Structures are given as structure tokens and as C-alpha cells.
Amino acid sequence: MVASLRLICASNELVDAGPGCRFNIARYGRDVPAFAIRFKGQVFGYLNECGHVPAQLDWQPGAFFDDSKLYLICSIHGALYAPETGRCLSGRCQGKGLKPLKLCEIESKVFLEQESNDGYTSIPPK
Ligand code: FES
């Protein structure tokens with residue numbers, strides 16, 4: 001059951017395999033970084049936390065894709081993730097994928113779907 005929708009960004013801010021949109025969510029009382037990207041026309045969201053160690057992936061704010069624009073890459077040791085699932089494909093993530101978030105697009109806007117019992121709660125945009 002969807003308890004609420006939180007606006008993340010305008011749809012046109014997410015270019016296919018281009019820069020992502022960073023935002024924060026509260027998870028079990030902790031403020032954690034997250035991001036949204038577009039890949040093959042669809043939007044996807046993940047916690048911005050590598051499966052290797054809890055470091056943020058982007059080497060510059062919003063730079064999540066590798067040079068091929070086919071994979072998400074961790075800037076620290078180069079682990080590669082599938083943009084559409086967050087699954088670890090190679091590198092030090094050793095099978096530990098990204099934690100996905102539920103995003104949707106409505107009327108040219110991207111929203112985070114916040115469920116009442118998943119530990120994710122809204123933080124006002126900064
Ligand atoms: S911190 Fe991401 S691969 Fe090591």
C-alpha cells in the first residue's frame with residue numbers, strides 16, 4: 001500500500017543514462033543518501049550506498065554511469081551495477097546489490113513511493 005508520494009524531480013531532469021538526481025531519505029531514523037536515474041526510458045532509484053562498503057557511488061554529484069553508459073559504477077573501487085535492477089555485476093560488491101527504492105512518474109514528475117511500514121519516511125527537500 002502506498003502511503004504517500006514525495007516529489008523528487010521533474011521528469012526532464014533525468015536524461016537517459018545521464019546524470020542522476022540525488023536526494024536524502026530517512027531510514028530507521030537515519031538520514032541516508034539516495035539517487036534516481038533514467039535508463040532505457042524508465043526511472044530507477046537506489047540508496048546511494050555501495051555494496052562493498054557504505055560509500056556513495058558518484059565520483060561527482062550525480063555521476064553514476066560508467067563511460068559506456070550501460071552500468072552504474074562505484075567511484076571508489078569500480079564495482080559495476082545493473083541500472084535497471086541494482087544487481088552487482090562485477091567488482092568488490094561481490095554479489096551485494098544496491099538497495100532499490102520505488103519510483104514512479106506522474107504528469108512529468110518523478111516521485112518516491114513511500115510505504116508506511118518500510119522504514120522510509122520523508123525528509124523535506126533541502
Ligand atoms: S566502495 Fe564501492 S567498490 Fe569499494
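Counting convention: from 1, in listed order, for ligands and their atoms alike. What you see is a predicted model, and the numbers here were worked out from it, not measured in a lab.
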What is the SG(Cys74)-atom 2 (Fe) of ligand 1-SG(Cys50) angle, to the nearest 10 degrees? 100°
Looking only at protein heavy atoms, which one is nearest to atom 1 (S) of ligand 1, and what is the separation? Val53 CG2, 3.4 Å
Looking only at protein heavy atoms, identify the closest one to atom 3 (S) of ligand 1 and say how far it is in Å. His77 CB, 3.4 Å
If you apply the rule disulfide bond (SG atoms under 2.5 Å apart), what do you find for Cys88 with Cys93, and how did you get there? CA-CA 6 Å; Cys88 168; Cys93 43; 2.1 Å; yes
Atoms of ligand 1 less than 4.0 Å from Ala79 heavy atoms? 3 (S)
Testing Leu47, Leu101, Leu72, Asp58 one by one against Phe35 for a side chain to side chain contact (heavy atoms under 4.5 Å, CB included), which residue passes? Leu72
Would you say OH of Tyr71 has more than 12 non-hydrogen atoms from neighbouring residues, nucleotides or ligands within 6.0 angstrom? no
Working to the nearest 0.5 angstrom, can you tell me the gap between Ile76 CD1 and Cys50 SG? 8.0 Å
Verify the distance test for Cys93 against atom 2 (Fe) of ligand 1: any N/O/S atom under 2.8 Å, yes or no. no
Proximal heteroatom of His52 relative to atom 4 (Fe) of ligand 1 (N/O/S): ND1
Less than 4.0 Å between a side-chain N and a carboxylate O, is that true for Lys96 and Glu49? no
